[in-house]
Protein chains: 2
Amino acid sequence: MTGVRGYHHGDLRRVLLAAAAVAIEESGPAALSLRDLARRAGVSHAAPAHHFGDKPGLLTALAVEGFDLLAAALQTGDSLLEMGVAYVDFAVRRRAHFEVMYRPDLYRVDAPEVVAARGRSRAVLRSAVADLPPGPGAAGGAAGDALAAWSIVHGFATLWNAGALPDEAGDDPREAARAVIRRLFGSRVSDGDVRGRAAPPARSPRTPA
Amino acid sequence: MTGVRGYHHGDLRRVLLAAAAVAIEESGPAALSLRDLARRAGVSHAAPAHHFGDKPGLLTALAVEGFDLLAAALQTGDSLLEMGVAYVDFAVRRRAHFEVMYRPDLYRVDAPEVVAARGRSRAVLRSAVADLPPGPGAAGGAAGDALAAWSIVHGFATLWNAGALPDEAGDDPREAARAVIRRLFGSRVSDGDVRGRAAPPARSPRTPA
DNA sequence: AAGCATATCTTGCCGTTGACAAGATGTGCC
DNA sequence: GGCACATCTTGTCAACGGCAAGATATGCTT
């Protein structure tokens, strides 16, 4: 880590994490192979073990990176509506990170770095919910609002990534997510800007093995 | 299949599927091993291959079983609220099936039996949404209602199973799900009966390897 | 009742993988 | 110049998925 080519290979850790994200996006986390990552990075089959220990170790690092990226992505949205859209956008764009983050059987969820990073992203969500005006007929208050908001965006993102949604859902996950979130909070959520920021990413085309 | 002990082992196919559900519930689908299933069933390591071909084949059968069980579970709930609760209850109780069903990288989602079973469970959801009175300020109609409802219960169930929810969510997924669903549909959904049917299942205790 | 076709299961094998141990090589520091 | 250490390589092992070939039990046909 002491420059552009720190050592023999140079930033092998970062290269492996990036390769892992690509591999997972291609074939899912179940098919991930440390030896394949090593081949992609051009190093020996045991090189990854030095940086991550074992496979759960590598996925732990990927999850930490994911929670930090999520926290950063959520902070770009000002309103709760936009934050929900950002959540879905993150899940679709950084699909590999997202898939690992919520799969506790794949990595060490109790590792301190994970707990810290997860807490960071959760704090961002909570802060936005606190700004929401209290709604009618919704017992449970802010905690209930947060749980409902989190559930609906997480469910939509998961179903989108799984390819489970019918074609009527459209091609743009951001737009579709906006409609779904509006249905939850109705007029309590500011309309904000409806313009899309970038071209919609492609629909999940992963085929089972 | 011609009686209580059809062949050498007797209903090995069913036994393997049940063992797979148990194993997945214990350690997640990533750690599933056909050889381990064979050991649990007391047969040789190649016996599962005859019934399912390969690992995706076995998980395909498990997914089909899951979609049929889901369709049956959804039909027990009369109102949309109760159907949402039944969805969450299914995800928690038949966790192994649920986890596989929405993981297209693990099995053959395009297999005809899968398409048929998935369509069956989807039809049940749609029929309940059709009974819902049209709501205020919700453009998109029934399709939007279905997407929002599906998203919120799917997200809640996924987060619950992942152990991602904070402790304030409580111990009873049915009760917590009811509150979340009410927040989406408000007064449009009938209150129905609020009594729980059975003791709440235990919280997801799966520890990463 | 005998035999044949077939479904079911076993044994043996191969390539791949994750994990570990031991050694080689490059880097920073004194 | 040499020592301590981080980084990476080579070699090895058990376990796994998948395949091929063979064994065994069942049902059907004659």
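Just the heavy atoms: all of them, side chains too, but no hydrogens, waters or symmetry mates, feed the values below. A, B, ... follow the sequence lines: proteins, then strands. Residue 1 opens every chain.
- At dT16(C), none of the side-chain N or O atoms of S33(A) fall inside 4.0 Å of OP1 or OP2 (strictly under the cut-off).
- Side-chain N/O atoms of R39(B) include one lying less than 4.0 angstrom from OP1 or OP2 on dC16(D).
- Distance from the side chain of H50(A) is smallest for dT7(D) among the nucleotides dG18(C), dT9(D), dT7(D).
- For H154(B) and Y102(B), the distance between ring centers is under 6.0 angstrom.
- L32(A) comes within 4.0 angstrom of sugar-phosphate atoms only, judged by non-hydrogen atoms across all strands, and of no base.
- The CG-P distance, from L12(A) to dG26(C), rounds to 16 Å in whole Å.
- In this structure, the CG atom of L58(A) is 14 Å from the C1' atom of dA19(C), given to the nearest Å.
- At least one side-chain heavy atom of I181(A) sits less than 4.5 Å from a side-chain heavy atom of F185(A).
- Mapping H51(A) and H45(A) onto DNA chain D via the closest heavy atom, the residue that lands nearer the 5' end is H51(A).
- Protein atom CG of L59(A) is 15 Å distant from nucleotide atom C1' of dA19(C), rounded to whole Å.
- Residue-level contact check: L37(B) touches neither bases nor backbone, having no heavy atom under 4.0 Å from any strand.
- The distance from atom CZ of R35(B) to atom P of dG12(C) is 13 Å, rounded to the nearest whole Å.
- Nucleotides of DNA chain D nearest to D36(B) and S44(A) differ in position, and the one nearer the 5' end is that of S44(A).
- Rounded to whole Å, atom P of dA7(C) lies 17 Å from atom CG of D11(B).
- Using a 4.0 Å cut-off between a side-chain N of Lys or Arg and a carboxylate O of Asp or Glu, E175(B) and R182(B) do not qualify as a salt bridge.
- With hydrogens and angles ignored, the 3.5 Å screen pairs no side-chain donor or acceptor of S151(B) with any backbone N or O of G155(A).
- When the P atom of dT8(C) is taken as reference, atom CZ of F52(B) falls 11 Å away, rounded to whole Å.
- Considering only side-chain N and O atoms, R13(A) lies nowhere under 4.0 angstrom from the phosphate OP1 or OP2 of dC8(D).
- Among the heavy atoms of the strands lying under 4.0 Å from A46(B) is at least one base atom, whether or not backbone atoms are also near.
- K55(B) has its NZ atom 16 Å from the P atom of dA15(D), to the nearest Å.
- The CG atom of L37(A) sits 9.0 Å away from atom CZ of F52(A), with the distance rounded to the nearest 0.5 Å.
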